[in-house]
Amino acid sequence: MLSNKRIQELELVMEFEKVEECFKEVSSWIENVGRKRLKETINLDDSLEMLLQAQKHFKEFDLVASEYCKRGQEALKKMNQWEDFSSVDVHSYSVKLQTYKDQLEEFCTQLDETRHRICETVRLYEFFDKVRRGICCTEEDVKS
């Protein structure tokens with residue numbers, strides 16, 4: 001039984017090393033591109049036109065970022081078996097796996113929050129724009 005468990009651990013380590021390349025690629029993209037692009041969306045412009053343009057640019061980024069999130073999540077699914085192993089030999093791999101998981105979850109959450117914030121901000125600006133146009137039209141009618 002001990003031998004079988006050791007063989008399973010070695011198989012997991014070999015599987016991890018195959019999947020780790022994907023983790024490294026996703027992690028590198030998140031750190032070098034993803035986080036920087038999300039920071040760019042912190043301060044949104046004050047006009048509806050500029051905000052719509054920012055939303056368009058974000059949607060293009062969102063497609064790519066969502067694909068990286070999906071790839072990272074698929075790689076993590078392959079490694080779900082790690083939770084059953086607690087040996088010292090596997091511990092360092094478990095720590096790496098948890099680090100990748102935390103980074104991916106944090107980024108995907110930030111991406112979702114940014115997507116929602118931009119959408120809600122655009123809706124609010126569109127509402128205020130309609131109200132402003134309605135007030136202008138009402139003022140013109142009163143003057144006539």
Side-chain angles (χ1 to χ4, degrees), residues 1-140:
M1 285 177 58
L2 196 59
S3 176
N4 285 344
K5 184 172 180 168
R6 183 70 178 146
I7 289 171
Q8 287 176 330
E9 288 175 355
L10 290 172
E11 288 172 349
L12 276 176
V13 169
M14 290 179 1
E15 180 68 25
F16 181 84
E17 288 173 355
K18 290 179 191 172
V19 176
E20 187 175 29
E21 200 58 41
C22 177
F23 288 139
K24 286 181 179 179
E25 182 183 339
V26 170
S27 178
S28 175
W29 185 89
I30 287 172
E31 291 304 318
N32 297 320
V33 178
R35 290 194 195 284
K36 290 176 184 175
R37 291 289 302 271
L38 283 179
K39 284 181 184 177
E40 291 172 4
T41 64
I42 289 175
N43 297 321
L44 297 172
D45 290 311
D46 290 339
S47 73
L48 179 58
E49 183 181 318
M50 295 299 286
L51 188 58
L52 289 171
Q53 190 172 13
Q55 183 183 38
K56 179 184 173 195
H57 292 299
F58 177 79
K59 284 181 179 181
E60 294 167 0
F61 162 73
D62 189 26
L63 288 173
V64 175
S66 294
E67 184 60 33
Y68 275 97
C69 288
K70 182 180 173 184
R71 287 176 53 204
Q73 289 164 347
E74 288 172 358
L76 285 173
K77 283 180 187 176
K78 292 179 183 178
M79 302 311 300
N80 280 341
Q81 309 162 31
W82 281 90
E83 296 168 1
D84 299 337
F85 291 92
S86 58
S87 98
V88 174
D89 296 334
V90 178
H91 180 72
S92 65
Y93 293 98
S94 296
V95 169
K96 282 184 182 180
L97 186 63
Q98 188 61 47
T99 301
Y100 288 129
K101 183 178 181 180
D102 293 345
Q103 179 193 39
L104 182 66
E105 286 177 359
E106 178 189 359
F107 178 77
C108 292
T109 299
Q110 288 176 345
L111 183 66
D112 289 341
E113 289 171 354
T114 302
R115 184 184 310 115
H116 179 72
R117 182 175 52 86
I118 289 174
C119 181
E120 290 300 309
T121 304
V122 166
R123 288 179 51 199
L124 185 63
Y125 270 71
E126 287 173 338
F127 172 75
F128 284 131
D129 193 53
K130 287 179 186 176
V131 169
R132 182 186 54 77
R133 280 187 269 145
I135 290 172
C136 289
C137 291
T138 304
E139 288 175 354
E140 289 175 13

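Hydrogens, waters and symmetry mates are skipped; everything else that's a heavy atom, side chains included, is used. No experiment lies behind these values; they were computed from the predicted model shown.
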Is the Phe16 ring parallel, tilted or perpendicular to the Phe23 ring (thresholds 30°, 60°)?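 Aromatic pair Phe16/Phe23 classed tilted.
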Passes side-chain contact (heavy atoms from CB on, under 4.5 Å), Phe58 versus Glu40? Steps please. CA-CA 10 Å; Phe58 177 79; Glu40 291 172 4; over 6 Å; no
Any [X] side-chain heavy atom under 4.5 Å of [Y] side chain:
X      : Y      : value
Lys59  : Lys56  : no
Tyr68  : Val33  : no
Lys130 : Phe127 : no
Glu113 : His116 : no

Return the [atom1] to [atom2] distance between [X] and [Y], rounded to the nearest 0.5 Å.
X      : Y      : atom1 : atom2 : result
Asp62  : Cys69  : CG    : SG    : 8.5 Å
Glu105 : Thr109 : CD    : OG1   : 7.0 Å
Glu31  : Arg35  : CD    : CZ    : 4.5 Å
Leu12  : Leu97  : CG    : CG    : 10.0 Å
Ser27  : Glu20  : OG    : CD    : 10.0 Å
Thr121 : Glu126 : OG1   : CD    : 11.0 Å

Does this structure show an ion pair linking [X] with [Y], if we count only N-O contacts that are shorter than 4.0 Å?
X      : Y      : answer
Asp112 : Arg115 : yes
Glu21  : Lys24  : no
Glu74  : Lys78  : no

CD (Glu17) with more than 12 external heavy atoms under 6.0 Å: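 Yes, enclosed.
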Taking [Y]'s backbone N and O only, do any of them form a donor-acceptor pair with [X]'s side chain (distance below 3.5 Å, no angle check)?
X     : Y     : answer
Thr99 : Val95 : yes
Arg37 : Ala65 : no
Asn32 : Ser28 : yes

For [X] and [Y], which heavy atoms make the closest approach, and how far apart are they?
X     : Y      : answer
Ile42 : Arg117 : O-NH1, 3.6 Å
Arg71 : Cys22  : O-SG, 4.0 Å
Leu38 : Phe107 : CD1-CE1, 3.4 Å

Steps toward side-chain contact (heavy atoms from CB on, under 4.5 Å) verdict (Phe61, Thr41): CA-CA 11 Å; Phe61 162 73; Thr41 64; over 6 Å; no
